[in-house]
Amino acid sequence: MRHWLMKSEPDEFSFQELRRRGREPWTGVRNYQARNFLRACQVGDIVLFYHSNCEEPGVVGLASVSKPAYPDPTQFDPRSDYHDPKSRREDPRWSCVEVRHLRDFPRVVTLADLRSHPALRGMLILRPGNRLSVTPVTPAEAKAVEALARR
DNA sequence: GCCAACGTTGGC
DNA sequence: GCCAACGTTGGC
């Protein structure tokens, strides 16, 4: 089992929305590195759900991967913001996974919290200019984030 | 709204 | 293959 951090703008898709729906396809990833991470996701992997571009950016709760990577349907949908006319059905360019709501954190683990924790120094999300919407998290980092959530 | 830090595009 | 221009992300 591995851990991942997935970013979403709550205006687009929030953790509260995932809680309501239970499960949701994680679509719209259009970055090759992030896509490769999606393809490495396995059912049961833990997802740290991060809210970005909002009042209080941070990790708000846990989800898990409930379906392994499959072709992201939005790439073939001309009405979608994520439509990619260059992607072919015979050779889909973009993948998505399905994620399932696990549990809310008792409190939001803010960016400042993440930065303050020595064990999280190397966390990819904290690297300047990192814009990947899916990044791997080490078991030690996941543990530290959960500890911050309980603090 | 600003701006730094990227990734992508396309001319050459 | 280089690299400038451009677009996007996301914290602040």
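A, B, ... follow the sequence lines: proteins, then strands. Residue 1 opens every chain.
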Between C/dG10, C/dC12, B/dT9, which nucleotide has the shortest distance from any of its atoms to the side chain of A/Ser52? C/dG10
Is there any salt bridge (charged side-chain N to carboxylate O under 4.0 Å, His left out) pair reaching into residues 29-44 of chain A, and which pairs are they, with sequence neighbours excluded? A/Arg30-A/Asp72
Do the side-chain N or O atoms of A/Tyr50 get closer than 4.0 angstrom to the phosphate oxygens (OP1, OP2) of C/dG11? yes
What's the CG-P distance between A/Leu5 and C/dG10, to the nearest Å? 11 Å
Between A/Lys86 and A/Asp84, is there a side-chain N and carboxylate O pair less than 4.0 Å apart? no
Could you go through nucleotides 1-8 of chain B and list every protein N or O atom that sits under 3.5 Å from one of its N or O atoms, giving the distance for each pair?
from: B/dC6; atom 1: OP1; to: A/Pro128; atom 2: O; distance (Å): 3.2
from: B/dC6; atom 1: O2; to: A/Arg131; atom 2: NH1; distance (Å): 2.9
from: B/dC6; atom 1: O2; to: A/Arg131; atom 2: NH2; distance (Å): 2.7
from: B/dG7; atom 1: O4'; to: A/Arg131; atom 2: NH2; distance (Å): 3.1

I'd like to know if A/Trp4 and A/Leu48 are part of one continuous hydrophobic network [Ile/Leu/Val/Met/Phe/Trp/Tyr, side-chain heavy atoms within less than 4.5 Å]. no
With respect to the phosphate group of C/dG10, does any side-chain polar atom (N or O) of A/Lys7 fall under 4.0 Å of OP1 or OP2? yes
Measure CG/A/Leu114 against P/C/dG10 and give the value in whole Å, please. 15 Å
A/Gly28 and A/Thr74 have their tightest heavy-atom pair at N-OG1, 4.1 Å
Residue pair A/Tyr32 / A/Trp94, side-chain heavy-atom distance below 4.5 Å: yes
Nearest-Å distance for atom pair CZ/C1', residues A/Arg115 and C/dG10: 11 Å
Using modelled atom types only, decide if a donor and an acceptor are shared between the side chain of A/Ser87 and the backbone of A/Arg93 within a distance under 3.5 Å. yes
